[in-house]
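A quick write-up on the structure given underneath.
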Amino acid sequence: MYALVDCNNFFVSCERTLDPSLEGKPVVVLSNNDGCVVSRSKEAKDLGIPMAAPAFKYKELFKKHDVKCFSAKFELYNFKSQDVIRISRSYVGKKDYEVYSIDELFLDLRSFKYIDISEYCLKLKEEIKLKTNIPVSIGIAPTKTLCKIANRIVKKDPERFNGVFILDTPEKIEKALKWLNISDVWGIGRRLAVKMHDNGVYKAWDLLQKPEMWVRKIMGIHGVRMVNELKGIRQLELDAPSAKKSIAVTRSFMEMLTKKEDVRERVETFGMYCSERLRKQNTCCKMVTVFVQTNRFRKDLPEYKNAKTQILPNPTNSSILIGRVVNDLFESIFEEGFHYKKAGVIVNDFVPEDQRLISLFEEDTQNQHLPVMKAMDAMNKKYGKDKVRLGSMSGENTWGRAQISPEYEAFLKNNTLPEANFRFH
DNA sequence: TCTGGGGTCCTAGGACCC
DNA sequence: TCTGGGGTCCTAGGACCC
């Protein structure tokens, strides 16, 4: 059996650990620029606030029901996440877990043959609550996909199941699949849901009645695996932690930008952040992509978006070298006369810092830059983010964040924040 | 007026090779 | 003049996830 430990309304629950008076009240956490809702308390969900709701459309509702709104505090969430992971890990063998996202991890319970795993998970849930004040739900099942469903069942009726549900017998599984909408199956997104409905598949159970050829054709190899997982035949193992394959820094701007230099400065800053993250994991990249785009929601303004990728002659993680490439790419895609709303830099195709293959024909200055870069990183680690930076970077934080509460300030002061280390899917 | 950010994987199609 | 078949590798785009 596997177990999926999933934090309830994670970001909101983190906010409540700083301010317990938020308990029982409607609370939401907003994305960058306070743009849209990314986490909702149960009370907020009950008010009909959907996931990813644009905040401005719900201003009135927030006011009317006194919904508490917070800007996202990722340092805090990463910190709490590490706490939850540490406790959960201690319940299983050394490698018998997979951190799936900031608020979820899978545990492998296959070695527990003679104990009541429901009881065991209940104990885990209570220890997490006691030590971190984060409420979690735990779904137990023979496959990862069924764990997701077990978890959904818990969340539907937390009191009844006391936070833990085990989906083990064929009878229980059948009942669950006949209850679960196909669009709520792990791996069925918006597009596939439409295709499913077009073909008369409304419940997870309906998918199992389709011939394998059909599934293969409509959903690809992914679908065949999904069907087996739903039947309780394990197709997905726990993944070992692995290095990132790409790093992206992208932002929407508070205000639309029209001046070339304003956009350039931000894009260059994104390039530096990418470089820093590369150095943190001791890798160099071989590819850099830059994109810019206007506000896609403003149909009254001319739309423009463009992206361009450059393959580097020599792998690098130098802010200076990546900065130059970013600038060249930016020059080739920027067009005057548009209102820019969003931009980003993405780096990928990584090699370890010490295993770079160097082109015979291109000058390679990476090794001259590296000591300076590492010194810069060390100082920034010691004295704070962006205390030392390149001339092309802006000195200001160019995206918005609401006022930092006294509780959060205290938190930042008292905690050395661990490096985030998640695999994203 | 105001609409997030950061990931992974799969597939189809083109370029190129023998 | 006519013409085949089978690979591999790379990339862009789509779909999904939290």
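Naming convention: chains lettered A, B, ... in sequence-line order (proteins, then strands); numbering from 1 in each chain.
- Closest to the Asn295(A) side chain, of the nucleotides dT11(C), dT3(B), dG5(B), is dT3(B).
- The side chain of Phe56(A) sits closest to dT3(B) out of dT3(B), dG6(B), dA15(C).
- Side-chain rings of Tyr120(A) and Tyr91(A) approach one another, their centers coming within less than 6.0 Å.
- When the C1' atom of dG6(B) is taken as reference, atom NZ of Lys244(A) falls 9 Å away, rounded to whole Å.
- Atom CG of Asp349(A) is separated from atom P of dG7(B) by 16 Å (rounded to the nearest Å).
- Which of dC17(C), dG6(B), dC2(B) sits closest to the side chain of Lys59(A) comes down to dC2(B).
- Here Ile247(A) lies in heavy-atom contact (under 4.0 Å) with sugar-phosphate atoms only.
- Here the separation of dC18(C) from dT3(B), taken at their P atoms, is 25 Å to the nearest Å.
- Across all strands, Lys148(A) comes closer than 4.0 Å only to sugar-phosphate atoms, never to a base (heavy-atom distances).
- The separation between Ile221(A) atom CD1 and dC16(C) atom P is 17 Å, rounded to whole Å.
- In this structure, Phe161(A) CZ and Lys156(A) NZ are separated by 6.0 Å, a value rounded to the nearest 0.5 Å.
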Steps toward salt bridge (Lys or Arg N to Asp or Glu O under 4.0 Å) verdict (Lys68(A), Glu43(A))
CA-CA 11 Å; Lys68(A) 307 289 180 201; Glu43(A) 299 77 14; over 6 Å; no
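- Spacing between atom CE of Met226(A) and atom P of dC10(B) amounts to 13 Å, rounded to whole angstrom units.
- Checking dG4(B), dC2(B), dT8(B) against every side-chain atom of Arg296(A), the shortest atom distance belongs to dG4(B).
- Across dT8(B), dC10(B), dC2(B), the shortest atom-to-atom separation from the side chain of Met256(A) is found for dC2(B).
- Within the structure, every side-chain polar atom (N or O) of Arg298(A) is placed at least 4.0 Å from both OP1 and OP2 of dT1(B).
- Ranking dG4(B), dC18(C), dC16(C) by closeness to the Ser252(A) side chain, first place goes to dG4(B).
- Base pairing of dG14(B) is made with dC9(C), judged by Watson-Crick or G-U wobble geometry with both donor-acceptor distances under 3.5 Å.
- Counting only heavy atoms from C-beta on, Arg191(A) has its side chain closest to dC16(C) among dC16(C), dC2(B), dC18(C).
- Among dG7(B), dG6(B), dC18(C), the nucleotide with an atom closest to any side-chain atom of Glu104(A) is dC18(C).
- The nucleotide whose nearest atom lies closest to any side-chain atom of Val249(A) is, among dG6(B), dT1(B), dT8(B), dG6(B).
- Ring-plane geometry between Tyr340(A) and Tyr304(A) is classed as perpendicular, the angle between the planes exceeding 60 degrees on a 0 to 90 degree scale with a lower cut at 30.
- Comparing Arg216(A) and Arg277(A) against DNA chain B, the residue whose closest nucleotide sits nearer the 5' end is Arg277(A).
- Ranked by how close their nearest DNA chain B nucleotide is to the 5' end, Gly220(A) and Lys245(A) are led by Lys245(A).
- For the pair Ile49(A) CD1 and dT3(B) C1', the computed distance is 16 Å after rounding to whole Å.
- The nearest whole Å value for the distance from the NZ atom in Lys305(A) to the C1' atom in dG13(C) is 11 Å.
- Distances shorter than 4.0 Å separate some side-chain N or O of Ser246(A) from OP1 or OP2 on dT8(B).
- Applying the 4.0 Å criterion to OP1 and OP2 of dC16(C), one finds that Arg225(A) has every side-chain N and O outside that range.
- Not one side-chain nitrogen or oxygen of Ser101(A) sits closer than 4.0 Å to the OP1 or OP2 atom of dG7(B).
- Atoms CG (Leu105(A)) and C1' (dC18(C)) sit 14 Å apart, rounded to a whole Å.
- No donor-acceptor pair closer than 3.5 Å links the side chain of Gln293(A) to the backbone N or O of Lys341(A).
- Between the NE2 atom of His222(A) and the P atom of dA12(B) there is a distance of 15 Å, rounded to whole Å.
- Because its NZ or CZ atom is both nearer than 6.0 Å to the ring centre of Phe165(A) and within 45° of the ring axis, Lys172(A) counts as a cation-pi partner of that residue.
- When heavy atoms are screened at a 4.0 angstrom cut-off, Leu192(A) is found touching the sugar-phosphate backbone but no base atom.
- If you look at Phe11(A) and Phe74(A), their ring centroids are closer than 6.0 Å.
- As judged by a 4.0 angstrom heavy-atom cut-off over every strand, Val185(A) is placed among residues touching the sugar-phosphate backbone only.
- Among dC2(B), dG6(B), dT3(B), the nucleotide with an atom closest to any side-chain atom of Ala248(A) is dG6(B).
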